[in-house]
Amino acid sequence: MRLAIFAGGAATLSALLALIGSAAVPATASGATATAGQAAANGTVQHVTQYVVLPAGQAAPAGAATAPPSSVAVPVATPRPRPQPVVVTSQSGQP
């Protein structure tokens, strides 16, 4: 009885892992990896964005997109330290 329950559980777990694994890897028409032309035909295009922090006074290279000055992050004050909780202990029978 235990062997049958174990075998059923193992089969269920195996089926779930296979289902999750197949959902994580998108299938292509020919089974090979998709090229840029196939990705564009499918409507899925991956854009790579690289952010670079420039030192003060350095200009961005020609053709680089820069963020407007209003969207530049500003330093924020550090939060106040949280008060430590008061822990009252007592030994057996003594306050």
Restricting to side-chain contact (heavy atoms from CB on, under 4.5 Å), what partner residues turn up for Ala64, sequence neighbours left out?
Ala60, Pro61
Would you check if the side chain of Thr12 reaches a backbone N or O of Gly8 as a donor-acceptor pair within less than 3.5 Å?
yes
Residues forming a side-chain contact (heavy atoms from CB on, under 4.5 Å) with Gln58, sequence neighbours excluded
Leu54, Pro55
